Amino acid sequence: MLIIAGSLRVEPDARDAYLADCAQVIAQARATAGCLDFLLAADPLDPGRIHVYERWESAEQLAAFRGSGSSDQQEAEILDADVQRYLISGVEAP
């Protein structure tokens, strides 16, 4: 299993529209084989920040989705990104 997590930075005035435009990408990801969770969410304190959280069964399934994700316009709106891939070797209850 792997987790993709971090944040994106967009213009604060454009964040809500950016997230609305991402609804189709989120739905598409969640319908993709191997996607366990996919979320882009507004930060409640920082108006230009978007949290990214994805959970995938395998790197191959993630790679299959990556070519069909966000549009070039959505990519152009990202001012900065700090997103990392975490490989998970085990999962336990909290």
Side-chain angles (χ1 to χ4, degrees):
M1 178 186 311
L2 54 111
I3 292 174
I4 308 296
S7 63
L8 307 175
R9 189 156 289 287
V10 298
E11 289 293 339
D13 293 342
R15 184 181 69 182
D16 291 343
Y18 181 90
L19 287 170
D21 288 345
C22 289
Q24 181 180 352
V25 173
I26 295 168
Q28 183 179 5
R30 290 179 179 180
T32 300
C35 181
L36 302 171
D37 200 2
F38 194 102
L39 176 68
L40 299 173
D43 186 287
L45 300 178
D46 184 338
R49 188 172 185 207
I50 297 171
H51 294 279
V52 176
Y53 179 79
E54 305 176 33
R55 197 163 48 104
W56 294 86
E57 289 179 0
S58 73
E60 294 79 20
Q61 291 164 319
L62 170 62
F65 167 73
R66 277 293 177 242
S68 59
S70 58
S71 70
D72 290 341
Q73 180 181 346
Q74 289 167 327
E75 294 282 332
E77 291 182 56
I78 298 171
L79 302 176
D80 191 27
D82 180 17
V83 179
Q84 304 297 321
R85 181 170 109 167
Y86 300 88
L87 302 175
I88 308 302
S89 62
V91 178
E92 301 174 358

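None of these values were measured; they are calculated from a predicted model.
- Every pair passing side-chain hydrogen bond (donor to acceptor under 3.5 Å, both in side chains) that includes a residue from residues 84-94 is listed here, sequence neighbours excluded: D82-Q84.
- Considering every non-hydrogen atom in both A81 and I78, the closest pair reads CB-CG2, 4.3 Å.
- For the atom pair I50 CD1 and C22 SG, the distance stands at 6.5 Å (nearest 0.5 Å).
- Here the side chains of R15 and D43 are in contact, with some heavy-atom distance below 4.5 Å.
- Atoms CG and CG, on L36 and L2 in that order, are 9.0 Å from each other to the nearest 0.5 Å.
- Cluster annotation: Y18 and L79 are assigned to distinct hydrophobic clusters (Ile/Leu/Val/Met/Phe/Trp/Tyr, side-chain heavy-atom contacts under 4.5 Å, transitive).
- To the nearest 0.5 Å, atom SG of residue C35 and atom CD of residue Q61 are 9.5 Å apart.
- Put simply, the side chain of I4 does not reach to within 4.5 Å of the side chain of F38, judged on heavy atoms.
- Between E11 and E77, the closest side-chain pair of non-hydrogen atoms is not below 4.5 Å.
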*Take R30 and L39, measure what side chain to side chain contact (heavy atoms under 4.5 Å, CB included) needs, and give me the verdict at the end.*
CA-CA 9 Å; R30 290 179 179 180; L39 176 68; 4.1 Å; yes
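- Between the CG atom in L40 and the NE2 atom in H51 there is a gap of 11.0 Å [rounded to 0.5 Å].
- Under the 4.5 Å side-chain heavy-atom criterion for ILVMFWY residues, a single connected hydrophobic cluster contains both V52 and L87.
- To the nearest 0.5 Å, atom CD1 of residue I26 and atom CG of residue L19 are 7.0 Å apart.
- V25 places a side-chain heavy atom less than 4.5 Å from the side chain of F65.
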